[in-house]
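Here the structure is laid out as structure tokens; the discussion comes afterwards.
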Amino acid sequence: MTKLNPFYITTTLPYVNAEPHIGFAMELIRADIVARYKKSQGHEVFFNTGTDEHGTKIHQKAQQSHMETQAYVDQASARFKELIPALGIMPEINFVRTTDAHHIKAAQEFWKIADKNGLIYKKNYKIKYCVGCELEKTESELVDGKCPLHPLQEIQIIEEENYFFRFSLYQKPLMDLYEKWPGFVVPKSRLNEIQAFVERGLEDFSISRLASKMPWGIPVPNDPTQVMYVWFDALVNYISAIGWPDDEIGGTKAAGAFKKWWTESGGVVQYCGKDNLRQQAAMWQAMLMAVKLPPSKQIVIDGFVTGDGGVKMSKSLGNTVDPFEIVKGYGTDALRYYVARELHPFEDSPFTIERFKEAYNAHLANGLGNLTSRILKMATANEIKFDEAHAKALAASDEIVEIRRRYVEGLERFDIQSASNAIWDLITATDKIVQEREPFKKIKTDKAAATEDIKELLARLQAIGGMLAPILPETGAKIVDLVEKNQMPESPLFMRK
RNA sequence: CGCGGGGUAGGGUAACGGUAACCCGUCAGGCUCAUAACCUGAAAAUUGCCGGUUCGAUUCCGGCCCCCGCAACCA
């Protein structure tokens, strides 16, 4: 067998100013499915996630909670880390925090190189400040040039000296990158979007803040009066996580790690939400160019989880979904199932408890769970065992070859939904076979024929379990195990709710 | 004329020039191995509106209406 490239995949790092929400859980599950799939194909996999912990909002949030900022981010980060077991994420996943000593060192080193390459400069930056809110305002927050909360007060313009990144230099190089590699952003429509954005022209952006105003950030090298703007710091995690610049991962040296995961892998696959398109597909790529590192391999953009009818989820509307609650009520694989098959892989999709429950009953309890029970019951009651010959024959059949093709193609294109649909089509077809051939009836009249049928059904169930493994790791493994041991599940795989 | 996505059966989605498909739900029948599960069949859509191109448009073109994001220094 030829040696496969190492594979590096990462989520974005969620910002820890709020509880983990379903949107990030979705992203983490998707990346995990791809990571597990690649691993099952024989690739060596580095899977990264973590937490983004600097910046104004976090600093404010900590103050509101009357906590030391460090203590606040420690507990918030720990909360996100709990998602790993709760969502059935590969336990060997790397978890980087932007407050890690190694990450801080990497971010500063990154800055120094970009600076040395002439891509950072200082200039006066006019900020809009609302005296009423005592806060800096962005253009998009203003209505008719006034703060909507304090429309009677004039917005103050305050000048502040900040460092800027020469983003404007990268229009052409970015356009070339998109042109040269049309799969760079998935799906295609998002590539079009970022191309159009870059084509309109880029402006340098500010990458630091006055430390006196916002102390919670990584100090700018050789200038204690400034800290880095969060984005500039956080994006660097994709390389600090794999040991840039000195091959240190999680506090330990790992010789050649960076080269292996960044270069030999062909680059990182980054999962992120549509609100991150610019940062990941343009800003970050320009930053990499600034330090003369190769670009990411692919940016996969997924949509938002919305409430019923496509409305935005928000606490005030009361339509948010807590991933921990879902897992508690239905189990890890049930949530993974919903993410994999019931949510659109790239567009916004609704998530409500009602829909979730409906899908759970229809496809996990009635579909997969029930099929497993009925086949294993016939097998165990008649002492008919799974054998390799039937598995081989099945694997060679046109039907399975086609299902596998759809499964593999789906996963390779990050279309987890169509990969899952392929498996569920196999489940449906298998239910149909039971009905049509009626081995349960035939066993009384033509035992030999019934035995053949049941062996085929066992082989099918085993194939289903195998394909399921990256998507529903616990269930997939359990099914394969039950088939091989010729046992009924001690309790239904998915109890009807 | 800022940019982008979208409006298809009760709900969620698919097809993208040639009798509108799938899942959930609903109704009827069948089966009894199974988690009242499973299988078959049915009802249900003038494909947002108006025009155009075409033998023929959900699919192409133009206009309009409506929804949803984004509008960079807000993670």
Side-chain angles (χ1 to χ4, degrees), chain A residues 12-18 51-58 98 125-128 136-141 162 164-165 167 189-190 192-194 196-197 199-200 202-209 229-235 272-279 282-283 303-304 306 308-312 341-344 346-350 352 354-355 358-359 361-382 417-418 421 424-425 428 430-436 438-443 450 453-454 457 488-489 491-497:
Chain A
T12 44
L13 302 194
Y15 200 62
V16 295
N17 66 339
T51 40
D52 179 5
E53 307 179 14
H54 288 120
T56 322
K57 292 214 168 160
I58 284 166
T98 59
Y125 168 50
K126 293 191 179 70
I127 63 165
K128 302 179 183 73
E136 185 179 335
K137 293 283 163 178
T138 61
E139 197 56 51
S140 55
E141 285 175 307
N162 284 164
F164 276 70
F165 174 61
F167 193 36
S189 56
R190 296 290 175 199
N192 295 342
E193 195 175 331
I194 195 67
F197 169 72
E199 198 161 19
R200 262 174 276 145
L202 302 175
E203 276 176 40
D204 294 350
F205 60 90
S206 139
I207 54 170
S208 73
R209 295 290 182 272
Y229 170 50
V230 265
W231 272 115
F232 200 81
D233 138 24
L235 289 166
C272 69
K274 63 182 186 179
D275 55 337
N276 260 260
L277 176 63
R278 286 173 191 186
Q279 287 83 348
M283 271 171 62
F304 290 159
T306 69
D308 208 11
V311 298
K312 204 170 187 166
R341 194 159 102 101
E342 303 292 332
L343 296 177
H344 190 109
F346 309 117
E347 301 294 336
D348 292 0
S349 323
T352 65
E354 294 72 36
R355 280 175 203 289
E358 223 174 73
N361 282 327
H363 303 293
L364 290 178
N366 300 351
L368 178 60
N370 181 57
L371 179 69
T372 304
S373 291
R374 66 196 303 209
I375 293 176
L376 287 172
K377 179 63 188 234
M378 287 185 278
T380 53
N382 298 295
Q417 194 178 38
S418 42
N421 281 340
W424 258 266
D425 284 352
T428 302
T430 304
D431 260 327
K432 207 171 283 190
I433 286 177
V434 177
Q435 183 61 37
E436 282 168 2
E438 302 185 312
F440 49 86
K441 198 183 274 180
K442 233 191 286 182
I443 194 84
D453 287 339
I454 292 170
L457 292 170
M488 279 290 285
S491 63
L493 254 30
F494 298 97
M495 195 71 91
R496 282 182 63 81
K497 300 271 178 180

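Quick caveat: nothing in here was measured; it's all calculated off a predicted structure. We name chains A, B, ... by the order of the sequence lines, and we start the count at 1 in each one.
Taking atom NZ of K57(A) as the reference point, atom P of C73(B) lies 10 Å away to the nearest angstrom. To the nearest angstrom, P of C73(B) lies 11 Å from CD of E203(A). A36(B) atom P lies 8 Å from atom CG of N370(A), rounded to whole Å. In this structure, W424(A) atom CH2 and G12(B) atom C1' are separated by 17 Å, rounded to whole Å. Look at CD on E199(A): it is 11 Å from P on G4(B), rounded to the nearest Å.
Using a 4.0 Å heavy-atom distance criterion, G55(A) is classed as making no nucleic acid contact. L202(A) comes within 4.0 angstrom of a nucleotide base, judged by non-hydrogen atoms across all strands. Within 4.0 Å (heavy atoms only), F494(A) reaches at least one base atom of the nucleic acid. Within 4.0 Å (heavy atoms only), V434(A) reaches at least one base atom of the nucleic acid. Base engagement by L493(A) is indicated by at least one non-hydrogen atom pair under 4.0 Å involving a base atom.
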Between N or O atoms, less than 3.5 Å apart, protein on one side and nucleotides 41-44 of chain B on the other: list the pairs.
none

Close N or O pairs between protein and nucleotides 1-3 of chain B (under 3.5 Å):
from: C3(B); atom 1: O2'; to: R200(A); atom 2: NH2; distance (Å): 3.2

Cut-off 3.5 Å, no hydrogens considered: what does the side-chain donor-acceptor table look like for residues 373-380 of chain A, sequence neighbours left out?
from: S373(A); atom 1: OG; to: G369(A); atom 2: O; distance (Å): 3.4
from: R374(A); atom 1: NH1; to: D431(A); atom 2: OD1; distance (Å): 2.5
from: T380(A); atom 1: OG1; to: L376(A); atom 2: O; distance (Å): 2.7
from: T380(A); atom 1: OG1; to: K377(A); atom 2: O; distance (Å): 3.3

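With sequence neighbours left out, E199(A) forms a side-chain contact (heavy atoms from CB on, under 4.5 Å) with M175(A). Under the side-chain contact (heavy atoms from CB on, under 4.5 Å) criterion, S206(A) pairs with Y125(A), N162(A), F164(A), R209(A), sequence neighbours left out. For Q279(A), the side-chain contact (heavy atoms from CB on, under 4.5 Å) test picks out W231(A), N276(A), M283(A), with sequence neighbours left out. In this view, K497(A) and Y330(A), K357(A), Y360(A), N361(A) satisfy the side-chain contact (heavy atoms from CB on, under 4.5 Å) rule, not counting sequence neighbours. A search for ring pair (Phe, Tyr, Trp, His ring centres under 6.0 Å) contacts involving F205(A) returns F165(A), F167(A), not counting sequence neighbours. Legend: residues meeting side-chain hydrogen bond (donor to acceptor under 3.5 Å, both in side chains) with T430(A), ordered by chain and number and at least two apart, are R460(A). For Q417(A), the side-chain hydrogen bond (donor to acceptor under 3.5 Å, both in side chains) criterion is met by no residue, not counting sequence neighbours.
Projected onto RNA chain B by closest heavy-atom contact, N192(A) and K377(A) fall at different nucleotides, the more 5' of which corresponds to N192(A).
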Taking Watson-Crick and G-U wobble pairs with both distances under 3.5 Å, convert RNA chain B into its dot-bracket string, 5' to 3', dots for unpaired and | for cross-strand pairs. .((((((..((((....[..)))).(((((.......))))).....(((((..]....))))))))))).....
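Distance noted for atom P between G2(B) and A9(B): 31 Å (whole Å). The same atom, C1', is picked in A14(B) and in U47(B); the two are 12 Å apart, to the nearest Å. For C49(B) and A15(B), the C1' atoms lie 22 Å apart once the distance is rounded to whole Å. For the C1' atoms, the distance from U40(B) to C31(B) is 10 Å, rounded to whole Å.
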Treat primed atoms plus P, OP1 and OP2 as sugar-phosphate and everything else as base, then score nucleotides 20-32 of chain B 5' to 3': B for base contact with protein heavy atoms under 4.0 Å, S for sugar-phosphate contact only, - for none. ---SS-----BSS
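OP1 and OP2 of G11(B) both lie 4.0 Å or more from every side-chain N or O belonging to R355(A).
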